[in-house]
Q: 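I am attaching a structure below and will ask some questions about it afterwards.
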Amino acid sequence: MNALFESLEIETLRARNKFVRAATYEGLATDDGRMTPELQAVYKELACGEVGTIIVGYAYVTRDEQPNPRMLGIYDDSFVPAYRAFVDDLHAQGACVVSQIVYGGSATRLDPPSARILGPSSVANPKTGVVPVEATAADLQTLAHAFADAAARAQVAGFDGVELHAAHGYLLSQFLNPLLNRRTDAYGGSLEHRARFLTEVVDAVRDRVGKAFPLIVKLNSSDGVEGGLTESESVEVAKLLEAHGVSAIDVSGNWRSCRTKDYAGEPFFAPYAQRLARELGIPVILTGGNRSFAAMERLAAEGGIAGFGLCRPLICEPRLVRRWRADSNAVPRCVSCNGCSSSPGHRCIVP
């Protein structure tokens, strides 16, 4: 059997292959974050296409802070029954299912933004212009509990794990970024202090879901801007996360630059992921630029990469994994044009 079709194992999660559908925003939920038949169909097609693990993204954890319109929510217990039926359906197709949870902070794209948006500091977000309210210690405790409650709902609903979104400029990654975190208290300054809120969220989640439930963190390899989180700092953050009981790291980065012009056959963040795999004792999932079956096969064999996250190729071809199983030389149709990111429902625009 080809190495990519061997099981991905993260704590109790046992997937049928190493292919992971990386979480993305479809904008197909209801206005208050509920599952819809259209969104269910998107995920069921991925499961039928033999994707091993589907990370469903992303779901906001507090009712009063919605980062994007028509994104999924998981902010109260009323979500559990619908999610349970959804997960059962995907399990019946052989897929493992992970819930990604998030607080957007000043990275919000909601227009107008939510009424009160918290951040590490009252600094304008360079991408959105939104100036958040600097979170107090009490605010941070409330948010940590909100993440823990959301993770517990995912567990009760039958998800195979939960992923904290600490990448792409959302709140958890804002605390790691010195450009956005100007605090002088225990949550700012040194890297250990900037990582404190993230590790407190991890601790709160672990206290609720137990030690064996798969807990993944999506982490930027770097912020990709001068003065932001560096790769070496990111490695140190990953080590802290492992020490606090995280089950796996899902490597990402400055996704807005991930277009065809940057692609030379290797996944975008492969060197960082390989370094991380060498220095950690937990699985590393590499997301971003996974197009070449041969490159992924080599990274699995030589680089110690446990899983491979794909998003745009699976938007273009939900049954790509099945096609690769039949023919490992098959070339994906996706050209990384990013047209899906601005299309209704984030659908592929390649004819």
Side-chain angles (χ1 to χ4, degrees), residues 25 58 60-68 71 75 100-150 163-205 217-241 244 246 252-257:
Y25 162 59
Y58 43 7
Y60 58 110
V61 299
T62 65
R63 184 191 303 272
D64 61 354
E65 195 276 341
Q66 183 181 13
N68 281 290
M71 65 181 284
Y75 51 79
Q100 186 189 75
I101 56 179
V102 69
Y103 184 99
S106 62
T108 181
R109 297 286 177 177
L110 198 66
D111 186 20
S114 300
R116 184 171 184 260
I117 294 174
L118 298 174
S121 303
S122 294
V123 176
N125 189 294
K127 294 179 180 178
T128 66
V130 172
V131 180
V133 175
E134 182 171 312
T136 66
D139 288 328
L140 297 180
Q141 185 176 34
T142 298
L143 283 177
H145 286 312
F147 274 104
D149 289 344
E163 179 174 88
L164 300 178
H165 199 339
H168 299 174
Y170 296 113
L171 181 73
L172 294 177
S173 66
Q174 290 168 20
F175 269 86
L176 299 175
N177 185 338
L179 299 175
L180 297 176
N181 183 350
R182 309 285 180 84
R183 301 174 75 105
T184 57
D185 62 3
Y187 296 94
S190 69
L191 179 63
E192 185 177 3
H193 284 186
R194 284 183 278 127
R196 184 185 301 273
F197 179 52
L198 176 54
T199 57
E200 287 182 352
V201 170
V202 168
D203 291 344
V205 170
V217 173
K218 189 162 192 172
L219 184 67
N220 276 353
S221 54
S222 76
D223 287 331
V225 293
E226 186 175 354
L229 183 77
T230 67
E231 286 196 0
S232 292
E233 287 179 322
S234 181
V235 170
E236 294 308 310
V237 171
K239 291 178 179 178
L240 282 172
L241 294 172
H244 281 261
V246 165
S252 191
N254 183 17
W255 67 271
R256 293 185 183 278
S257 68

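Position 1 is the first residue of the sequence; numbering continues from there. Hydrogens, waters and symmetry mates play no part in the numbers below; they use all other heavy atoms, side chains included.
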Q: Would you say Tyr187 and Glu200 make side-chain contact, with heavy atoms under 4.5 Å?
A: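 A side-chain contact under 4.5 Å exists here.
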Q: Are His165 and Tyr170 close enough that their ring centres sit under 6.0 Å apart?
A: yes
Q: Taking all heavy atoms of Thr108 and all of Pro67, pick out the closest pair and write down the distance.
A: OG1-O, 3.1 Å
Q: Is there side-chain contact between Pro126 and Leu180, with heavy atoms separated by less than 4.5 Å?
A: yes
Q: I'd like to know whether Asn220 forms a side chain to side chain contact (heavy atoms under 4.5 Å, CB included) with Asn177, so could you lay out the CA-CA distance, the side-chain angles of the two residues, the decisive distance to 0.1 Å, and finally the verdict.
A: CA-CA 10 Å; Asn220 276 353; Asn177 185 338; over 6 Å; no
Q: Indicate yes or no: at least one non-hydrogen side-chain atom of Arg109 is less than 4.5 angstrom from one of Lys127.
A: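 Yes - at least one pair of side-chain heavy atoms lies under 4.5 Å apart.
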Q: Testing the basics here: between Leu171 and Gly119, what is the closest heavy-atom pair and its distance to 0.1 Å?
A: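 Heavy atoms of Leu171 and Gly119 come nearest at CD1-CA, 3.7 Å.
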Q: Does Thr230 offer a backbone N or O that forms a donor-acceptor pair with the side chain of Glu233 under 3.5 Å?
A: yes
Q: Where is the tightest heavy-atom contact between Ser122 and Pro132, given as atom of each residue plus distance?
A: OG-O, 3.1 Å
Q: Is any side-chain heavy atom of Val61 closer than 4.5 Å to one of Val102?
A: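 Result no, sub-4.5 Å side-chain heavy-atom pair not found.
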Q: As an exercise, state the distance from OG of Ser252 to NZ of Lys218, rounded to the nearest 0.5 Å.
A: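 So the gap between those two atoms works out to 4.5 Å.
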Q: Can you tell me if Arg183 uses its side chain to pair, donor with acceptor, with the backbone of Pro120 under 3.5 Å?
A: yes
Q: Could you tell me whether Asp185 and Arg196 make a salt bridge, using a distance below 4.0 angstrom between a side-chain N and a carboxylate O?
A: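 Not counted as a salt bridge, because no side-chain N and carboxylate O are separated by less than 4.0 Å.
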Q: Between atom CZ of Arg194 and atom CG of Asn181, what is the distance when rounded to the nearest 0.5 Å?
A: 7.0 Å
Q: How close do Asn125 and Gln174 get, counting heavy atoms only, and between which atoms?
A: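 Shortest heavy-atom contact: ND2-NE2, 4.3 Å.
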Q: Indicate whether any N or O donor in one side chain lies under 3.5 Å from an N or O acceptor in the other, for Glu163 and Tyr58.
A: no
Q: Tell me the closest heavy-atom pair linking Pro113 and Val130, and the distance in Å.
A: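 Heavy atoms only, the tightest pair is CG-CG2, 4.2 Å.
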Q: Give the minimum heavy-atom separation between Met71 and Asn68, together with the two atoms involved.
A: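 Answer, listing the atom of Met71 first, then Asn68: CG-O, 3.2 Å.
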Q: Taking distance alone, no hydrogens or angles, what donor-acceptor pairs closer than 3.5 Å link side-chain atoms of residues 142-150 to residues at least two apart or in another chain?
A:
residue	atom	partner	partner atom	Å
Thr142	OG1	Ala138	O	3.1
Asp149	OD1	Arg208	NH1	2.3

Q: Check whether any side-chain N or O of Thr128 sits under 3.5 Å from a backbone N or O of Ser106 as a donor-acceptor pair, and report yes or no.
A: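 The answer is yes, because a donor-acceptor pair under 3.5 Å joins these two groups.
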Q: Show your reasoning for whether salt bridge (charged side-chain N to carboxylate O under 4.0 Å, His left out) applies to Glu134 and Arg182.
A: CA-CA 10 Å; Glu134 182 171 312; Arg182 309 285 180 84; over 6 Å; no
Q: Will you find, in the side chains of Ser173 and His168, an N or O donor that is under 3.5 Å from an N or O acceptor?
A: no
Q: Quick one: are the ring centres of Tyr60 and Tyr75 less than 6.0 Å apart?
A: yes
Q: Do the non-hydrogen side-chain atoms of Ile117 and Val133 ever get within less than 4.5 Å of each other?
A: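 Not touching, per the 4.5 Å side-chain cut-off.
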Q: Checking Glu65 side chain against Gly104 main chain: does a donor-acceptor pair fall under 3.5 Å?
A: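 Yes; judged by distance alone, with no hydrogens or angles, the pair exists.
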Q: Pair Val123, Val131 - check side chain to side chain contact (heavy atoms under 4.5 Å, CB included), show working.
A: CA-CA 6 Å; Val123 176; Val131 180; over 6 Å; no
Q: So if I apply the side-chain contact (heavy atoms from CB on, under 4.5 Å) rule between Leu198 and each of Leu172, Leu240, Asp203, which one comes out positive?
A: Leu172
Q: Could you check whether any side-chain heavy atom of Gln141 comes within less than 4.5 Å of a side-chain heavy atom of Asp139, counting everything from C-beta outward?
A: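 The answer is no; the side chains never approach within 4.5 Å.
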Q: Would a 4.5 Å heavy-atom cut-off, applied to side chains only, mark Leu176 and Ser234 as touching?
A: no
Q: Under 3.5 Å, side chain of Asp223 to main-chain N/O of Gly228, donor-acceptor pair present?
A: no
Q: When you compare the side chain of Ser222 with that of Leu229, does any pair of heavy atoms fall below 4.5 Å?
A: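 Heavy-atom side-chain distance check fails, nothing below 4.5 Å.
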